[in-house]
Novice: 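I am attaching a structure below and will ask some questions about it afterwards.
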2 protein chains.
Amino acid sequence: MVVESLSGRIPAEQRREQILDAAIEQFGLSGYAGTTTDQVARAAGISQPYVVRMFGSKERLYVAAVERARDAVLDAFRAVLAAPAAEPDGHLMARLGAAYIDLVQDRGILRMLMQGFLGGADPVVGPVARAGFLEIYRMLRDEAGLAAADAVDFLAHGMLYNTLLTLALPEAADDTGRELLECAFGAKLDLVLRAVGPGSGSSGRA
Amino acid sequence: MVVESLSGRIPAEQRREQILDAAIEQFGLSGYAGTTTDQVARAAGISQPYVVRMFGSKERLYVAAVERARDAVLDAFRAVLAAPAAEPDGHLMARLGAAYIDLVQDRGILRMLMQGFLGGADPVVGPVARAGFLEIYRMLRDEAGLAAADAVDFLAHGMLYNTLLTLALPEAADDTGRELLECAFGAKLDLVLRAVGPGSGSSGRA
DNA sequence: CTCGTTGGTAATCCGATGATTACTTGGGAC
DNA sequence: GTCCCAAGTAATCATCGGATTACCAACGAG
């Protein structure tokens, strides 16, 4: 997970990417206010002042992390559109859905997206989050060619995925929870559970 | 919005309710870490130490606020089930959906719910949030009598509502946004927009 | 009236945290 | 080699925030 390569003196752009990876993980877990720049720095393997100096402020780092999470979604969907349909019975929406499930196996990205949505009321984060969401919708409609109603249905179930996964239901579900998961994810459930594994799989804190 | 009644010496239980109302509003806006106990206290019209003493700690107050938001949802749905169906064509799910839209006109409750979901990874909030979500699901299935697939579909669209509303899309939508809103809310859109009104309606900070 | 219980606050403490400043080191150009 | 810029850190600051302590004030019972 965390960058392990004992890294002396790395070009700034590469370091920037490492910081953003760490920021998504940490901000995703604890939100903007709940995450310290020092946590991000440690996760990226550098010192706290360098994080601040690289991005100017914590707030700007946060916005960059939100944008990066949005780009991850857009990239994942565009990869599906670029790839040839292997199976003829695989409808586009199903393939997009599977790609999304795959993407958000990285719970950092998933939670970062959700954090972004919740920032809708914030004067700085809000506009970024709204524009990002609409960009994804436009992509589904214009590039993937989904009808508006289909795109909305796709998004709705995506949001349910988001909720169930951030709730960590797959990791800790009783009978009711399992029924809900089966019904929500359908055939994709094994995709979800494969990553969780048979163990309790509780990922500890940093 | 904020309790205005110049209130000297109020019974503790009543004060507790005021604090919880304020907590839902504030925590919903800024999350757990982003909200100070002093903000909650001011919004409730009392002093900061009293808030802490009443609930023991900020964390316990937060958990209580999450539970209260959950109860608000359960109560709203049970009210629908208890009321006689006025119109025969009004399907149960549509009536439940309308009740939900109505409930989350209070954006504080809406955002508090979302904050709770995002706390799924937290060792304290997580279990509460998971149990609360499953409780709502069980209610839909057992008390409302929805088929599991219908309940899941209902929840999925509810989660899309949540996202669109926390993003504050109704308050600030371009053409794409309006199309998305129309498609997502359908006939319920006027219910949503009625509260927002023709003005910009940007509700200021506390 | 007085007294104890409940409702409530002012003052204060201590740790945490984002930012700033000043400093050090590595490595490529020539 | 030496020079200089990019990469990076240690030390420090000012502020904020949750919790604690000690104290004050209504109100009802007797």
Side-chain angles (χ1 to χ4, degrees), chain A residues 2-23 25-27 29-66 115 119 122 124-125 205-206, chain B residues 2-23 25-27 29-66 115 119 122 124-125 205-206:
Chain A
V2 177
V3 176
E4 203 62 57
S5 67
L6 41 120
S7 44
R9 267 187 104 74
I10 280 178
E13 285 211 11
Q14 195 173 333
R15 195 59 97 179
R16 192 186 169 87
E17 296 302 304
Q18 290 180 351
I19 296 176
L20 279 175
D21 284 343
E25 183 72 25
Q26 301 296 316
F27 280 136
L29 265 177
S30 313
Y32 174 70
T35 303
T36 73
T37 54
D38 191 61
Q39 283 177 302
V40 175
R42 278 181 208 283
I46 56 174
S47 70
Q48 179 262 339
Y50 195 26
V51 169
V52 173
R53 242 208 359 201
M54 177 90 76
F55 286 86
S57 72
K58 184 187 180 184
E59 190 175 66
R60 279 214 271 272
L61 170 60
Y62 186 79
V63 169
V66 171
Q115 298 281 1
D122 183 272
V124 170
V125 181
R205 283 173 175 279
Chain B
V2 178
V3 175
E4 203 65 55
S5 65
L6 42 120
S7 44
R9 266 186 103 72
I10 280 180
E13 284 211 13
Q14 195 174 333
R15 195 61 96 177
R16 191 184 171 88
E17 296 303 303
Q18 290 181 351
I19 296 177
L20 278 176
D21 284 344
E25 183 72 24
Q26 301 296 316
F27 280 136
L29 265 177
S30 314
Y32 174 72
T35 303
T36 72
T37 54
D38 190 61
Q39 283 177 302
V40 175
R42 277 180 209 283
I46 56 175
S47 70
Q48 179 261 341
Y50 194 28
V51 170
V52 173
R53 237 199 15 191
M54 176 91 75
F55 286 85
S57 72
K58 185 187 180 184
E59 191 174 64
R60 280 213 269 273
L61 169 60
Y62 187 79
V63 170
V66 171
Q115 297 281 2
D122 184 272
V124 171
V125 181
R205 285 174 175 278

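Naming convention: chains lettered A, B, ... in sequence-line order (proteins, then strands); numbering from 1 in each chain.
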Novice: Mind calculating the distance between CZ (B:R42) and P (D:dC16) to the nearest angstrom?
Specialist: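 Value for this atom pair: 12 Å.
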
Novice: What is the separation between atom CD1 on A:I10 and atom C1' on D:dT9, rounded to the nearest whole Å?
Specialist: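 Checked: the CD1 to C1' distance equals 16 Å.
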
Novice: Do A:R9 side-chain and D:dA6 base share a donor-acceptor contact under 3.5 Å?
Specialist: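 Looking at the base of D:dA6, it does pair with a donor or acceptor on the side chain of A:R9 (distance under 3.5 Å).
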
Novice: Please state how far atom CG in B:L61 lies from atom C1' in D:dA19, giving the value in whole angstrom units.
Specialist: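 Distance check: B:L61 CG to D:dA19 C1' gives 14 Å.
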
Novice: Under 4.0 Å between a side-chain N/O of A:T37 and OP1 or OP2 of C:dT17, yes or no?
Specialist: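 No.
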
Novice: Does the side chain of B:E25 come within less than 4.5 Å of B:D21's, by heavy atoms?
Specialist: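 Heavy-atom side-chain distance check fails, nothing below 4.5 Å.
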
Novice: Could you please name the option among C:dA10, D:dG8, C:dG7 that lies closest to any side-chain atom of A:R53?
Specialist: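 Among C:dA10, D:dG8, C:dG7, the one nearest the side chain of A:R53 is D:dG8.
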
Novice: May I have the distance from A:R60 (atom CZ) to C:dG18 (atom C1'), rounded to whole angstrom?
Specialist: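 The distance from CZ of A:R60 to C1' of C:dG18 comes to 14 Å, rounded to the nearest Å.
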
Novice: Atom CD of A:Q26 to atom P of C:dG18: distance rounded to whole Å?
Specialist: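 A:Q26 atom CD is separated from C:dG18 atom P by 12 Å.
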
Novice: For the pair made of CD in A:Q48 and C1' in D:dA10, what is the distance, rounded to whole Å?
Specialist: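 Result: 11 Å.
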
Novice: B:F27 vs B:Y62 aromatic rings, parallel, tilted or perpendicular, using cut-offs 30° and 60°?
Specialist: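 The rings of B:F27 and B:Y62 stand perpendicular, inter-plane angle above 60°.
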
Novice: Say you draw a straight line from CD1 of A:I10 to CZ of A:R16; how long is it, rounded to the nearest 0.5 Å?
Specialist: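 With rounding to 0.5 Å, CD1 (A:I10) is 15.0 Å from CZ (A:R16).
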
Novice: Return the 5'-most residue of the pair A:I46, B:V52 with respect to DNA chain D, ranking by each residue's nearest nucleotide.
Specialist: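 The 5'-side residue here is A:I46.
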
Novice: If you only use heavy atoms from C-beta on, which nucleotide in C:dA19, D:dT9, C:dG7 is closest to the side chain of B:A12?
Specialist: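 Side chain of B:A12 sits closest to C:dG7.
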
Novice: Let me know the distance between CD1 of B:I19 and C1' of C:dT9, rounded to the nearest Å.
Specialist: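 To the nearest whole Å, that distance equals 13 Å.
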
Novice: Passes side-chain contact (heavy atoms from CB on, under 4.5 Å), A:L29 versus A:T35? Steps please.
Specialist: CA-CA 8 Å; A:L29 265 177; A:T35 303; over 6 Å; no

Novice: Between D:dG18, D:dA7, C:dA19, which nucleotide has the shortest distance from any of its atoms to the side chain of A:K58?
Specialist: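 For A:K58, the side-chain atoms sit closest to C:dA19.
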
Novice: Quick one: the side chain of B:R15 and the base of C:dG7, do they pair up donor-acceptor inside 3.5 Å?
Specialist: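 Checked by distance alone, the answer is no.
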
Novice: What is the distance, to the nearest angstrom, from the CG atom on B:D38 to the P atom on C:dA10?
Specialist: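 Computing the B:D38:CG to C:dA10:P distance gives 11 Å.
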
Novice: Measuring to OP1 and OP2 of D:dT9, would you say a side-chain N or O of A:Y50 lies under 4.0 angstrom away?
Specialist: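 Answer is no, no contact under 4.0 Å.
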
Novice: Test B:R15 against B:Q18 for side-chain hydrogen bond (donor to acceptor under 3.5 Å, both in side chains), laying out the working first.
Specialist: CA-CA 5 Å; B:R15 195 61 96 177; B:Q18 290 181 351; 2.8 Å; yes

